[in-house]
Amino acid sequence: MTRPTVVPSDAPLGAEIRGVDIAAGIDADTLRIVHDALHRHKVVVLRDQRLTPAMQATFCGRFGRLEPHVLPQYLVPGHADLVRVSNVLDDRGEPIGLIDAGRVWHSDGQFLELPNLYSMLYALEVPRDEHGAPLGATCFASTAHAYASLPESTRRRIDGLLAVNSLAAVYATLQRSNLATRRAPLTDAQKREVEHPLVRTHPSTGEKCLYVSRAATLRIVGWPPSESDALIDELSAWIVRDAFVHTHRWQEGDLLMWDNCGSQHLAIGDYALPQRRLMHRATVGGSRPH
Ligand code: OGA
Ligand code: MN
């Protein structure tokens, strides 16, 4: 087997891994190269894959414990580990998957005690404009680069702080921007608030990463509301500065994997039916942020 090559993007994060055919079988060396590239580049794509749901689940499961999604109605039938991310409607006009996933900058599962470690999205159908150019891109920003590039005085100000996060905050943000479509109301369990360190240490690499977003973070523990809001706004905007964003333009057959400690992402909703988008998503569970 030839060794895969890792081709980094021009941004502080993002890489394409070439020379890997998951369907043909992945040995331990190749898996190590992909895993290391995921940690180094935070988001990596393997193009031109031909995966059944079972193959995707098996491959993704080699990176850790796969988690069922919080909204069971959108699972890929027969696969508790795979959720559909899609704008496609069924015969009754109901969405077949998460229709508006990720329309604000976020890190997956930040509102959970044990947030998602990696997310892995496999593209089955990609929407296109009238010229055939792909729509529905996903943008990424490095929370590790964001921390490393902070002024020393800011780092001193924020090291050791705790922040409160909640899915209710995400929903409120979506509603404010009129992005919430057809979602069931949250249960009390889903409205829970969880505290995480504002500066998180990556569980594998030890890198320090900013762990805050306007969408999911409600407040800084112990800070007066106005100062807390100002710090959340300042850091959230710092993470996603335009010059440092990597945009993934989808092709059918892409398996995109990202690290939710080292990055944040944003889905661009610049398409609508009859332009169809269908992705299958696997999630690897993580540990308590420290
Ligand atoms: C997600 C997500 C973005 C997209 O699945 O967690 O944010 O572009 N998806 O579909
Ligand atoms: Mn997401």
Side-chain angles (χ1 to χ4, degrees), residues 13-14 38 42-45 53 56-57 60 63 66-76 79 81-88 95-112 115-128 134-143 165-167 169-171 173-174 177 179-181 183 190 209 211-217 236 239-240 245-273 275-286:
L13 80 172
L38 176 58
K42 321 314 187 212
V43 50
V44 298
V45 63
Q56 182 184 355
C60 295
F63 295 83
L66 290 188
E67 288 205 330
H69 197 267
V70 286
L71 301 172
Q73 65 269 37
Y74 298 139
L75 294 177
V76 176
H79 292 273
D81 300 334
L82 296 179
V83 68
R84 284 174 174 147
V85 174
S86 185
N87 70 336
V88 175
I96 65 165
L98 297 163
I99 197 167
D100 56 3
R103 297 291 170 85
V104 287
W105 280 103
H106 68 288
S107 165
D108 293 333
Q110 185 166 349
F111 46 82
L112 301 172
N116 310 143
L117 180 55
Y118 311 124
S119 304
M120 299 156 170
L121 210 50
Y122 177 58
L124 294 131
E125 294 185 61
V126 175
R128 290 181 186 276
L135 298 169
T138 312
C139 302
F140 289 85
S142 169
T143 56
N165 303 279
S166 157
L167 184 57
V170 179
Y171 271 45
T173 308
L174 289 171
S177 4
L179 289 170
T181 44
R183 286 211 177 181
Q190 288 171 333
C209 303
Y211 202 46
V212 56
S213 72
R214 229 177 239 139
T217 309
S236 303
I239 294 168
V240 303
V245 167
H246 166 67
T247 299
H248 178 70
R249 294 180 211 289
W250 290 92
Q251 298 170 11
E252 288 83 359
D254 284 356
L255 180 68
L256 188 73
M257 313 202 277
W258 65 85
D259 177 333
N260 283 302
C261 180
S263 68
Q264 289 188 4
H265 57 283
L266 167 73
I268 305 296
D270 58 356
Y271 59 92
L273 289 173
Q275 295 161 322
R276 289 164 58 104
R277 191 175 193 263
L278 174 60
M279 315 258 165
H280 285 178
R281 181 195 141 117
T283 307
V284 169

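Atoms within each ligand, like the ligands themselves, are counted from 1 in listed order. The first residue in the sequence is number 1, and the count goes up from there.
We find the CZ-CG distance between F140 and L266 to be 9.5 Å, quoted to the nearest 0.5 Å.
With contacts defined as side-chain heavy-atom distances shorter than 4.5 Å, the pair Q251/V126 does not qualify.
Taking the Mn ion (ligand 2) as reference, D108 places its N/O/S atom OD1 nearest.
Side-chain N or O atoms of S86 include one that pairs as donor or acceptor with a backbone N or O of R277 at under 3.5 Å.
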(request) Tell me, with the steps shown, if T283 and D108 meet side-chain contact (heavy atoms from CB on, under 4.5 Å). (result) CA-CA 9 Å; T283 307; D108 293 333; 5.9 Å; no

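Under 4.0 Å from any atom of ligand 1, one finds heavy atoms of residues V85, G102, H106, D108, L121, T138, W258, H265, A267, R277, R281.
For the pair NE2 of H106 and NE2 of H265, the angle at the Mn ion (ligand 2) is about 90°; rounding is to 10 degrees.
More than 12 heavy atoms of other residues, nucleotides or ligands shown are found within 6.0 angstrom of CZ on R128.
Using bins of under 30°, 30° to 60° and over 60° for the plane-to-plane angle, the ring pair W258/H265 lands in the tilted bin. Taking the six-membered ring for Trp and thresholds of 30 and 60 degrees, H248 and H246 have ring planes inclined between 30 and 60 degrees apart.
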